[in-house]
Amino acid sequence: MQGYILQMQKTRTEDMIVKILTQRDIKTLYRFYGARHSIINIGRKIDFEEQTQLGFLPKLKHIVHLGYRWESQHDRYYIWQHFIKLLYKHLADVYEIDSFYFELLDSGADKLMLQNPKRVVLEMYAALLNHEGRAFIDMNNQMQCFVCQQRLADSVALGRAFLLAHKECIGGRAFILEKMSSFLQTQSTILLEDDEVDHLWEILGLGL
């Protein structure tokens with residue numbers, strides 16, 4: 001079975017409780033002496049076996065690291081881990097899950113070696129918003145500020161989850177509405193400048 005490590009919790013010994021996102025669910029497994037294994041780290045993709053034991057968490061067994069070349073590049077791995085941590089908080093109360101989230105991570109991980117890591121993660125997040133029906137898009141361009149409910153002009157500010165608002169309502173940096181609308185509709189950052197990507201990355205850090 002394959003999955004991505006979302007979270008690790010060390011026990012009083014060197015054992016670990018590990019949360020793993022698979023294609024169907026988020027598993028909570030117990031790994032003896034897990035703290036000694038460098039493979040067990042947030043964001044890693046692994047192949048593993050689950051061993052059921054009565055009266056306790058299932059064991060995490062026979063782990064194989066399905067590594068990516070970019071994991072040796074600190075900046076890319078840091079951005080990846082930061083997104084994984086945000087995703088874990090977003091899915092903290094979820095147990096059964098559809099395959100979209102696993103496939104989203106697979107797709108993003110494949111792109112990270114050659115593309116700007118912040119752009120990759122922002123595009124992943126835009127896809128997540130669309131999948132969950134939370135993308136702030138009006139195909140007739142009659143979008144409203146989420147604060148005052150009045151129609152938006154050509155310039156907008158963004159809140160958490162990329163909710164669009166008047167700059168006067170929430171402050172922050174101004175973005176071009178057409179660019180933000182295109183980004184959310186296409187899940188592509190191709191029209192965005194690098195400084196815009198940096199600001200969107202900071203907003204993403206507020207939470208999914």
Side-chain angles (χ1 to χ4, degrees), residues 1-113 117-118 120-129 131-132 134 160-162 200-208:
M1 184 181 302
Q2 296 183 1
Y4 287 89
I5 297 175
L6 296 182
Q7 199 250 5
M8 311 172 308
Q9 180 183 345
K10 187 176 178 180
T11 67
R12 292 182 180 179
T13 62
E14 291 187 307
D15 301 341
M16 284 277 192
I17 297 174
V18 186
K19 301 273 189 177
I20 302 175
L21 184 148
T22 73
Q23 286 189 319
R24 295 181 299 178
D25 54 16
I26 296 177
K27 296 184 178 295
T28 301
L29 305 177
Y30 194 88
R31 174 67 178 183
F32 288 107
Y33 300 111
R36 299 182 184 180
H37 296 269
S38 60
I39 291 176
I40 300 178
N41 205 351
I42 292 174
R44 289 269 169 84
K45 185 179 183 182
I46 60 173
D47 189 271
F48 66 96
E49 293 181 11
E50 175 184 356
Q51 183 181 74
T52 302
Q53 50 182 350
L54 293 177
F56 200 59
L57 291 174
K59 291 181 182 178
L60 175 61
K61 304 276 288 184
H62 302 132
I63 306 169
V64 177
H65 179 202
L66 304 175
Y68 294 94
R69 285 188 295 138
W70 51 259
E71 289 181 32
S72 63
Q73 300 183 19
H74 177 74
D75 58 336
R76 294 179 188 274
Y77 193 36
Y78 170 79
I79 289 171
W80 177 256
Q81 284 190 315
H82 188 62
F83 179 74
I84 295 294
K85 291 174 184 177
L86 292 171
L87 182 63
Y88 170 69
K89 290 180 180 178
H90 180 61
L91 300 175
D93 298 323
V94 176
Y95 300 97
E96 293 185 358
I97 200 165
D98 65 49
S99 62
F100 166 82
Y101 299 90
F102 181 88
E103 292 165 1
L104 179 72
L105 295 183
D106 259 357
S107 175
D110 287 340
K111 297 175 182 176
L112 264 178
M113 191 65 218
K118 290 182 180 178
V120 171
V121 168
L122 287 172
E123 290 171 359
M124 291 169 64
Y125 183 47
L128 183 149
L129 290 174
H131 176 75
E132 296 180 349
R134 296 192 292 133
R160 179 174 175 171
F162 294 166
L200 288 176
W201 171 250
E202 292 179 6
I203 295 171
L204 177 63
L206 299 175
L208 307 190

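Everything numeric in this text was worked out from a predicted model, so none of it was measured.
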Report summary line: Minimal heavy-atom distance between Leu86 and Gly207, with the atoms involved, is CD2-CA, 4.1 Å

Requested in this report: Decide yes or no on side-chain contact (heavy atoms from CB on, under 4.5 Å) for Leu57 and Leu29, but give the supporting numbers first.
Outcome: CA-CA 6 Å; Leu57 291 174; Leu29 305 177; over 6 Å; no

Requested in this report: State, yes or no, whether a side-chain contact exists between Tyr4 and Asp106 at a heavy-atom distance under 4.5 Å.
Outcome: yes

**Report entry** Interatomic spacing from CD1 in Ile17 to CD in Gln9 - rounded to 0.5 Å
**Finding:** 5.0 Å

Query raised in the report: Please walk me through it: do Asp15 and Lys10 pass side-chain contact (heavy atoms from CB on, under 4.5 Å)?
Result: CA-CA 6 Å; Asp15 301 341; Lys10 187 176 178 180; over 6 Å; no

Query raised in the report: Is any side-chain heavy atom of Lys19 closer than 4.5 Å to a side-chain heavy atom of Ile5?
Result: no

Requested in this report: For Arg31 and His62, work out which heavy atoms get closest and say how close.
Outcome: NH1-N, 4.1 Å

Query raised in the report: Do Tyr125 and Phe162 have ring centres separated by under 6.0 Å?
Result: yes

Report task. Please check if the side chain of Glu49 supplies one atom and the backbone of Lys61 the other of a donor-acceptor pair under 3.5 Å. Result -> no

**Report entry** Asp47 side chain reached by Ile63 side chain, heavy atoms, under 4.5 Å
**Finding:** no

Query raised in the report: Can you find a pair of side-chain heavy atoms, one from Trp80 and one from Tyr68, that are under 4.5 Å apart?
Result: no

Report task. Could you grab the distance from atom CD of Gln7 to atom CD1 of Ile84, nearest 0.5 Å is fine? Result -> 12.5 Å

Query raised in the report: Would you call Met8 and Asn41 a side-chain contact if the rule is heavy atoms closer than 4.5 Å?
Result: yes

Query raised in the report: About how many Å separate CG of Leu6 and CG of Leu105, when rounded to the nearest 0.5 Å?
Result: 7.5 Å

Query raised in the report: Are side-chain heavy atoms of Ile20 and Ile26 found at a separation under 4.5 Å?
Result: no

Report task. Evaluate the side-chain contact (heavy atoms from CB on, under 4.5 Å) criterion for residues Met16 and Tyr30: first the C-alpha distance (whole Å), next the side-chain angles of each, then the deciding distance (0.1 Å), finally the verdict. Result -> CA-CA 6 Å; Met16 284 277 192; Tyr30 194 88; over 6 Å; no

Query raised in the report: Should Glu71 and Arg76 count as an ion pair when the cut-off is N to O under 4.0 Å?
Result: no

Requested in this report: Give the minimum heavy-atom separation between Gly205 and His82, together with the two atoms involved.
Outcome: CA-NE2, 4.0 Å

Query raised in the report: Which distance, rounded to the nearest 0.5 Å, do you find between the OG of Ser107 and the CZ of Phe100?
Result: 9.5 Å

Query raised in the report: Does Trp70 use its side chain to pair, donor to acceptor, with the backbone of Lys111 at less than 3.5 Å?
Result: no

Report task. Count the heavy atoms belonging to other residues, nucleotides or ligands that lie under 6.0 Å from CD of Glu96, then report whether that count exceeds 12. Result -> no

Query raised in the report: Given the rule in the side-chain contact (heavy atoms from CB on, under 4.5 Å) test, do Ile39 and Ile46 qualify, once you have shown the distances and angles that lead to the verdict?
Result: CA-CA 8 Å; Ile39 291 176; Ile46 60 173; 3.9 Å; yes

Query raised in the report: Checking Ser72 side chain against Arg69 main chain: does a donor-acceptor pair fall under 3.5 Å?
Result: yes

Query raised in the report: Given Leu128, which of Glu132, Met124, His131 fulfils the side-chain contact (heavy atoms from CB on, under 4.5 Å) condition?
Result: Glu132

Query raised in the report: Are Leu66 and Gln2 side-chain neighbours, meaning at least one heavy-atom pair lies under 4.5 Å?
Result: yes

Requested in this report: Could you grab the distance from atom NZ of Lys85 to atom NZ of Lys89, nearest 0.5 Å is fine?
Outcome: 9.0 Å

**Report entry** Between Asp25 and Thr22: side-chain donor-acceptor atoms closer than 3.5 Å
**Finding:** yes

Requested in this report: Mind listing the closest non-hydrogen atom pair of Ile79 and Lys118 along with its distance?
Outcome: CD1-CG, 3.6 Å

Query raised in the report: Is the closest basic N to carboxylate O distance between Asp98 and Arg24 below 4.0 Å?
Result: no

Requested in this report: Please report the closest heavy-atom contact between Ala127 and Leu104, naming both atoms and the distance.
Outcome: CB-CD1, 4.0 Å

Query - salt_bridge(Glu50, Lys27) N-O dist < 4.0 Å - result: yes

Query raised in the report: Do Tyr78 and Gln73 have side-chain heavy atoms sitting under 4.5 Å apart?
Result: no

